[in-house]
> 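Sharing a structure with you now.
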Amino acid sequence: MQQQPGIEPPPGCPAHGNIPLYGPRFGSDPDGHYAHLRGLGPSAPVDIAPGVEVELVTSYDAALYILQNPASFVRDSRRWNALNEGRVPEDSPALPMLAYRPNALFSDGAAHARLRQAVTDSLASVNELQLVRQTQASADYLISRFSSERLGQAELMAEYAQPLPLLVFSDLFGCPPEIGDRVIAGITGIFSGSAGADQLLAEALNELIALKRRSPGDDLTTRLMQHSAQLSDEEMLHQLVTLLSGGTTPLSAAIGTASALILGEEWQSGLPVEDAVTQILWNYAPIANYAAHYPTHDVELGGRVVKANDPVLISFAAANTDPRLAEHREQLSAKAHLAFGAGPHACPAKDPAFVIAVTAVETLLNRLPDIEVRMPFKDLSWVPAPWSRSLVALPVRFTPRIVVPTAAQRAESPVAASAGQVTATPRPAMGGAAKPKSGLFSRFLAWTRGE
């Protein structure tokens, strides 16, 4: 193996010499880790979590081959050798990301086609103009919170990039206020490791599904429910969870990184926001390492044999920045990156996701025209986890101002307009406890109504 100049080999796992793709050292230099792994071939064994070994594909060509070859590489993680043999720790942080769920992400063949078609058709019915307006309303609400309450300073990841997709998806799902609050608390808790968060999310979504069975609406949940695939309530639950988990966290990463890039000194003033979002999809793939595949037979990858049913993960971050692309990347389509995957499991929400990310950044720049990041882009820190390429924090400064909802925002949010008419089944008070404070989605809906 030839070590690339200037790249210090990352330390291997003491147990078997694999490079750990987690922790502070990885977070401080993910690109250096990918550069070192490329020296080992198109793929190499890594530890994605303590005691969890996977084969990580860093080559663009190899990644594309696997993503487009469902006959030899399937997604059903019930095949996972180490998991079936008890070699994966029961409390491993890799399990919530890789363990089987009955959704399109972990399905193959006819089962996958049925579930994916329901999701794809439902997403295709989302009106782009309405999506832009929903995103603008969510952005304006969040900006109104931090721009008027602070002395011209904010932390954009926690106060803008992370909550914004949650508000948009709760609106798209047609959540009433109280259910939307719990959906947001549940999905946020899952990614922060809060105990009971998965149960909270499941209960909230099950209530939403029951509500839409009784009272259909003009929303994504109803369209998914009314699709010809005739999804069961359990299937509905898992598709909604997939849309939430697969849509919100990567979107947060994309919004944060694109904002940091366009506010940095390196960005050429005047270039459209679309260019910044496209650039981060290439160079800072929001979903960094994921899409576990399981070979149906022993396969050879660049001279290495990967056994059947051992997990093969795609490093979208490494594949997109593969130096072998440098010679002809300018001739590639701007959409040739793998940030949204490829093949039969390519992200069905890539177009709405791009619209949301661009609109979120544009609204931020329009509402706070003098906003600037408080440190150089190169000095910002990345979350030390393998799954998502996301900034830890994005401190900014700006001239404080008051942002109020427009008349259109008051009138056009379908959930805001019906929040007083369609409600979930009342939840009984526990032991006379005081009514809980309104959550983020309730406060957002109240703001759009000017309350």
> Leu166: what forms a side chain to side chain contact (heavy atoms under 4.5 Å, CB included) with it, not counting sequence neighbours?
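Side chain to side chain contact (heavy atoms under 4.5 Å, CB included) list for Leu166, sorted by chain: Ile184, Ile187, Thr188, Thr248.
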> Once side chain to side chain contact (heavy atoms under 4.5 Å, CB included) is applied, do any residues pair with His112, and if so which ones, sequence neighbours excluded?
Ala104, Ser107, Arg116, Pro344, His345
> Under 3.5 Å, which donor-acceptor pairs do the side chains of residues 375-391 form with other protein atoms, sequence neighbours left out?
unit_1 : atom_1 : unit_2 : atom_2 : d
Ser388 : OG     : Pro286 : O      : 2.9
Arg389 : NH1    : Asp31  : OD1    : 3.4

> Could I get the full list of side chain to side chain contact (heavy atoms under 4.5 Å, CB included) partners for Asp61, not counting sequence neighbours?
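Ser59.
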> Under the salt bridge (Lys or Arg N to Asp or Glu O under 4.0 Å) test, which residues partner Arg374, sequence neighbours left out?
none
> Which residues pass the side chain to side chain contact (heavy atoms under 4.5 Å, CB included) test with Ala82, not counting sequence neighbours?
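Once residues adjacent in sequence are excluded, the partners of Ala82 under the side chain to side chain contact (heavy atoms under 4.5 Å, CB included) criterion are Trp80, Arg87, Val88.
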> Check whether the side chains of Tyr34 and Asn289 place a donor and an acceptor atom closer than 3.5 Å, and report yes or no.
yes
> Under a 3.5 Å cutoff, is there a donor and acceptor pairing between the side chains of Thr321 and Arg38?
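Yes, because at least one side-chain N or O of Thr321 sits under 3.5 Å from a partner of the opposite role on Arg38.
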> Search all heavy atoms of Leu394 against all heavy atoms of Gly256 and return the closest pair with its distance.
CD2-O, 3.5 Å
> In this structure, are over 12 heavy atoms from other groups packed under 6.0 Å from Gln68 atom CD?
yes
> How close do Leu231 and Arg213 get, counting heavy atoms only, and between which atoms?
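Closest approach of Leu231 to Arg213: O-NH2, 3.1 Å.
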> Of Val361, Ile356, Val355, which is the lone residue that meets side-chain contact (heavy atoms from CB on, under 4.5 Å) with Thr359?
Val355
> Among Thr222, Asp219, Leu208, Val168, which residue satisfies the side-chain contact (heavy atoms from CB on, under 4.5 Å) criterion with Phe173?
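Going through Thr222, Asp219, Leu208, Val168 one by one, the side-chain contact (heavy atoms from CB on, under 4.5 Å) with Phe173 is satisfied by Leu208 alone.
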